[in-house]
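Hydrogens, waters and symmetry mates are skipped; everything else that's a heavy atom, side chains included, is used. Please read all numbers here as calculations on a predicted model, not as lab measurements. Below, chains carry the letters A, B, ... as their sequence lines are ordered, and counting in each starts from 1.
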Amino acid sequence: MSEQLAKTYDPKAFEEKIYQHWMEKDFFKADANSEKPPYSIVLPPPNITGQLHIGHALDHTLQDILIRWKRMQGYETLWQPGTDHASISTEVKVVEKLKKEEGLTKKDVGREGFLERAWSWREEYGRKIVSQMKKLGNSCDWSRERFTMDEGLNEAVTEVFIRLYEKGLIYKGNRIINWCPSCRTSLSDAEVDHHDKKGNFWHVKYPIKDTDEFVVIATTRPETMLGDTAVAVHPEDKRYQHLIGKVAILPLLGRELPIIADEYVDQDMGTGALKITPSHDPNDFEIGLRHNLEQILVLDEEAKVNERGEQYNGLDRYEARKAIVKDLETGSFLLEVKEHDHSVGQCSRCTTVVEPITSEQWFVKMESLAKPAMDVVNNGDIQFVPDRFSKTYLNWLENIRDWCISRQLWWGHQIPAYYCSECDEIMVSKEAPTQCVKCGSADVVQDEDVLDTWFSSALWPFSTLGWPEDTKELEKFYPTDVLVTGYDIIFFWVVRMAFSGLEFMDKIPFKHVLVHGLVRDAEGRKMSKSLGNGIDPLEAIEEFGADALRFTLITGNTPGNDMRFHLERLESSRNFANKLWNATRFVLMNNEDAVEKYEDVKEHLNTMDYWIISRFNQVVRDVTENMDRFELGIALQKIYDFVWNEYCDWYIEFSKSRLYGENLEEKKVDYENFQLTFEELDYDVQKKRISLQIPIDSKDKFV
RNA sequence: GGGACAUUAACUCAGUUGGGAGAGUGUUAGCUCGACAAGCUAAAAGUCGCAGGUUCAAGUCCUGUAUGUCCCACCA
């Protein structure tokens with residue numbers, strides 16, 4: 001009799017020890033010089049903004065299962081871990097902390113002081129998240145841990161920026177962008193969420209110069225009229241033919257506005273006449289370019305009216321709206337007000353309503369990059385699981401617009417562009433130039449802005465392996481085998497990794513993209529801090545164990561679909577872990593005469609032994625097939641069924657008669673049901689050409 | 001406006017190539033039998049959203065439809 005195990009499994013007593021053992025033995029270390037075939041996964045780097053949430057737990061568990069499975073199959077596996085600096089999110093957090101703890105603002109402490117605090121934030125939270133991932137049981141190669149702002153990755157980012165710039169794929173331009181007046185930075189289109197909001201349609205009379213006529217314009221944002229530089233109608237609109245080429249007078253400010261004709265105008269929308277505000281509306285911006293209209297920016301970085309707004313200068317955009325509407329009314333310019341719902345863009349970080357404004361920003365030209373990224377999905381080099389997400393991916397790329405990559409933030413990769421204060425020459429280079437290449441002035445300053453956080457994440461599959469150096473890691477582990485991620489970041493991340501990999505490595509970054517859904521609460525709501533309905537994976541681990549949590553997340557979940565998280569399922573998962581524990585306990589309690597080698601026992605195998613062996617082999621085959629198809633939930637269910645319903649309920653029960661010599665009838669074993677099982681067994685065993693004698697009718701003990 | 005997904009037992013969900021309707025939880029009845037009451041043995045429980053179609057055969061394929069969820073879009 002070997003040592004007696006406790007009656008119930010206590011994860012807390014083992015998980016940490018086992019993990020330590022794994023680490024000490026270097027089980028997760030990847031060897032780039034290995035002869036074994038490679039299998040690699042890059043971990044989507046968690047943000048350093050806070051702690052691990054249940055979505056990470058799902059994402060990581062899927063990867064951990066895949067990587068461990070391949071490791072056991074004899075592959076040289078690399079699970080590359082790391083964390084993401086999460087530019088805007090982290091900056092927002094650090095600003096909050098600064099205010100709360102020191103009562104200071106960004107400006108008070110200055111760029112250097114701010115970055116110092118951001119780095120200490122990163123130290124604290126980066127470490128915390130890594131320790132949480134270890135608690136989850138992630139079998140990453142921690143010796144290779146990276147950070148999107150570590151030295152090597154900085155170099156990769158700079159290299160990419162310079163290469164794209166030199167290729168003409170990065171440009172600086174005055175474009176209309178999304179501006180968050182609260183974060184005071186530009187945002188990419190993907191960082192803006194659109195929500196329907198109740199609003200009004202204000203019908204405003206714009207008088208026609210030197211006539212008694214006027215044209216009525218419907219607008220949802222009267223305050224932007226301060227920046228109007230034209231009025232547009234459809235070239236074929238019969239109502240307005242006579243006005244084209246004439247001049248309208250902007251109410252309140254009295255500015256003269258040319259009346260132009262443009263195909264964009266929808267005759268059925270509003271009044272069919274459109275005010276054009278090139279600096280504050282994306283469509284108007286385009287129209288403005290076509291007609292060479294002046295751009296008048298009337299809002300500042302806090303979305304307050306600037307001096308171009310004359311008497312409204314200093315008002316917040318909403319105060320300005322009220323004031324303008326009131327003045328329009330007083331001046332009899334306001335014809336009517338109708339209720340109207342329209343979609344409003346909000347900052348995905350802070351939910352402030354985003355303001356479209358014209359601004360000088362850096363962009364990545366997307367057209368030529370998008371094409372090959374679409375090709376590799378169309379021709380099947382990259383496969384989505386489930387496949388429907390390739391549509392999401394392709395659809396996004398088909399309608400891609402240039403990517404605004406500059407952010408007016410401090411935490412991130414500062415743009416490697418330098419300006420000559422004398423002649424405004426732009427220089428893009430790795431090191432700061434000591435003097436202007438054009439005029440020789442030594443007065444050279446670096447661009448203040450940082451890059452969009454996704455600019456560095458886009459390089460993750462190869463930057464973490466040492467690019468731009470030519471490393472053996474790249475040779476061995478690139479392209480990676482599968483990327484596991486949620487459908488919510490296909491646009492942000494998957495697309496950008498795809499075109500970056502193709503552009504700089506000339507190879508796809510991964511062969512499969514395994515997409516999972518969101519983990520929702522029991523009512524199906526998104527988990528969020530404001531609702532307080534989040535389930536902390538660490539609390540779940542504390543109470544039920546990491547295996548129970550992982551089992552819960554994988555079973556009953558299929559690729560691409562959201563799942564609801566019920567605490568009861570954690571219990572049943574824990575029960576399964578306990579079942580395994582007790583099966584082991586039973587074996588250990590009875591292994592006095594255990595033999596080590598199959599050869600020593602094969603003469604003595606009985607029906608039950610053959611049965612369980614054949615079932616085991618079949619389950620291994622089935623499970624492997626499911627795993628190959630990324631059907632982890634089904635695979636795990638099959639293991640569960642085998643262990644519980646076949647191994648424990650039948651094999652162990654029957655083995656008791658052999659061990660204790662008990663009468664089966666007394667044990668109340670259900671012969672009838674067993675007979676059914678045996679018929680199935682017969683089939684299995686026949687396939688394996690094992691001849692059997694089945695003493696079904698025997699009520700004697702099985703020997 | 002475009003697109004995706006969901007709809008199967010009381011609840012949460014599986015169901016891979018068309019042929020058995022399943023699991024966990026819950027419910028009911030009976031079990032302190034040397035692994036496990038976090039357990040065991042049973043039971044009840046579903047016209048697989050609705051309507052058509054293809055097929056010898058449809059939860060599974062096709063068409064339409066209802067309801068819900070989500071994503072994309074520069075709808076003044």
Side-chain angles (χ1 to χ4, degrees), chain A residues 4-9 176 178 189-190 192-194 201-202 217-221 224 232 264-266 268-277 281-287 340-343 345 356 386 388-389 391-392 395-396 398-399 401 487-488 490-491 517-518 520 522 524-526 544 548 551-552 555-558 560-569 571-590 622 625-626 628-631 633-638 640-641 644-645 648-649 652-653 655-656 659-660 662-663 666-670 673:
Chain A
Q4 182 91 12
L5 298 183
K7 276 180 92 165
T8 53
Y9 173 51
I176 193 143
N178 309 293
D189 295 331
V192 178
D193 299 329
H194 293 269
F201 241 151
W202 284 272
I217 283 162
T219 178
T220 53
R221 303 199 52 205
T224 63
Y264 169 77
V265 181
D266 184 343
D268 301 325
M269 190 73 86
T271 61
L274 185 59
K275 69 188 204 57
I276 303 299
T277 321
D281 182 280
N283 298 310
D284 295 7
F285 179 80
E286 295 297 325
I287 295 172
H340 178 72
D341 290 351
H342 66 294
S343 117
R388 65 183 135 96
F389 287 102
K391 254 186 205 173
T392 312
N395 205 8
W396 164 267
E398 276 157 19
N399 304 310
R401 296 169 59 190
Y487 59 69
D488 50 334
I490 289 176
F491 308 128
L518 268 38
R520 299 174 174 277
R525 297 172 304 181
K526 236 177 175 169
F544 297 96
F551 188 92
T552 301
T555 47
N557 189 8
T558 39
N561 289 342
D562 290 354
M563 73 179 303
R564 296 188 190 193
F565 197 90
H566 291 259
L567 278 172
E568 306 85 74
R569 292 207 44 231
E571 288 179 31
S572 97
S573 301
R574 174 205 54 192
N575 295 353
F576 180 58
N578 191 52
K579 193 72 180 174
L580 278 172
W581 172 266
N582 272 291
T584 310
R585 181 165 180 258
F586 176 82
V587 171
L588 291 177
M589 285 168 81
N590 295 291
D622 288 353
E625 238 174 73
N626 290 129
D628 277 329
R629 286 192 234 126
F630 297 102
E631 296 162 351
I634 298 174
L636 192 49
Q637 188 64 48
K638 282 181 181 166
Y640 177 95
D641 289 340
W644 202 308
N645 302 330
C648 292
D649 288 355
I652 286 189
E653 286 308 319
S655 72
K656 287 176 185 172
L659 288 164
Y660 311 136
E662 289 183 19
N663 185 305
E666 272 176 17
K667 305 287 281 185
K668 293 175 186 146
V669 172
D670 187 329
N673 270 317

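Within the 4.5 Å cutoff, side-chain heavy atoms of Thr552(A) are placed close to those of Phe565(A). The side-chain heavy atoms of Phe586(A) and Cys648(A), taken from C-beta on, include no pair separated by under 4.5 Å. With a 4.5 Å cut-off on side-chain heavy atoms, Leu274(A) and Tyr264(A) count as touching.
Relative to the side chain of Asn575(A), the nucleotides rA76(B), rU12(B), rG39(B) differ in distance, and rG39(B) lies closest. Among the nucleotides rA23(B), rC40(B), rA35(B), the one closest to any side-chain atom of Asp649(A) is rC40(B). Closest to the Lys579(A) side chain, of the nucleotides rG3(B), rA76(B), rC36(B), is rC36(B). Distances from the side chain of Gln637(A) to the nucleotides rA23(B), rC13(B), rA76(B) place rA23(B) closest. Of the listed nucleotides (rA4(B), rA76(B), rC75(B)), rA76(B) has the atom at the smallest distance from the side chain of Thr219(A). Considering only the side chain of Arg585(A), rA35(B) comes nearest among rA14(B), rA35(B), rC71(B). Proximity note for Tyr264(A) (side chain, C-beta onward) versus rG15(B), rG24(B), rA76(B): the nearest is rA76(B). Closest to the side chain of Asn561(A), from the set rA76(B), rA14(B), rU25(B), is rA14(B). Among the nucleotides rA76(B), rG15(B), rC5(B), the one closest to any side-chain atom of Asp266(A) is rA76(B). Comparing rG39(B), rA76(B), rG24(B) by their nearest atom to the side chain of Val265(A) picks out rA76(B).
Applying the Watson-Crick and G-U wobble criteria (two distances, each under 3.5 Å), rG1(B) pairs with rC72(B). When Watson-Crick and G-U wobble pairs are counted only if both distances are under 3.5 Å, rA51(B) pairs with rU63(B). Nucleotide rU27(B): paired with rA43(B) (Watson-Crick or G-U wobble, both distances less than 3.5 Å). Pairing partner, rG22(B): rC13(B), with both Watson-Crick or wobble hydrogen-bond distances short of 3.5 Å. When Watson-Crick and G-U wobble pairs are counted only if both distances are under 3.5 Å, rU32(B) pairs with no nucleotide at all.
Nucleic acid contact for Asp562(A): none, since no nucleic acid atom lies under 4.0 Å from a heavy atom of the residue. When heavy atoms are screened at a 4.0 angstrom cut-off, Asn578(A) is found touching base atoms of the nucleic acid. Heavy atoms of Phe285(A) sit nowhere under 4.0 angstrom from any nucleic acid atom. Residue-level contact check: Glu631(A) touches the bases, meaning some heavy atom is under 4.0 Å from a base atom. Across all strands, Lys275(A) comes closer than 4.0 Å to no nucleic acid atom at all (heavy-atom distances). Using a 4.0 Å heavy-atom cutoff across all strands shown, Ile176(A) reaches no nucleic acid atom at all. Base engagement by Tyr9(A) is indicated by at least one non-hydrogen atom pair under 4.0 Å involving a base atom.
Judged by distance alone, the side chain of Arg585(A) and the main-chain N or O of Leu5(A) form a donor-acceptor pair under 3.5 Å. Counting only distance, with no hydrogens or angles, the side chain of Asp562(A) and the backbone of Leu518(A) share a donor-acceptor pair below 3.5 Å.
For the OP1/OP2 pair of rA76(B) and a distance below 4.0 Å, the side-chain nitrogens and oxygens of His340(A) include at least one atom meeting the criterion. One finds a side-chain N or O of Trp644(A) lying less than 4.0 angstrom from the OP1 or OP2 phosphate oxygen of rC40(B). The shortest distance between the side-chain N/O atoms of Thr558(A) and the OP1/OP2 oxygens of rA14(B) is below 4.0 Å. Contact between the side-chain N/O atoms of Lys7(A) and the OP1/OP2 oxygens of rA37(B) is found at a separation under 4.0 Å. Between Lys656(A) and the phosphate of rA35(B), there is a side-chain N or O to OP1/OP2 separation shorter than 4.0 Å. Close to rC13(B), at under 4.0 Å from its OP1 or OP2, lies no side-chain N or O of Arg569(A).
Taking only distance into account, the side chain of Glu653(A) meets the base of rA35(B) through a donor-acceptor pair shorter than 3.5 Å.
Of the two residues contacting RNA chain B, namely His566(A) and Thr8(A), the nearest-nucleotide position lying further toward the 5' end is that of His566(A).
In summary, the side chains of Arg569(A) and Thr555(A) do present a donor paired with an acceptor at a separation below 3.5 Å, with no hydrogens or angles considered.
Phe544(A) has its CZ atom 13 Å from the P atom of rA38(B), to the nearest Å.
Taking the six-membered ring for Trp and thresholds of 30 and 60 degrees, Phe551(A) and Tyr640(A) have ring planes inclined between 30 and 60 degrees apart.
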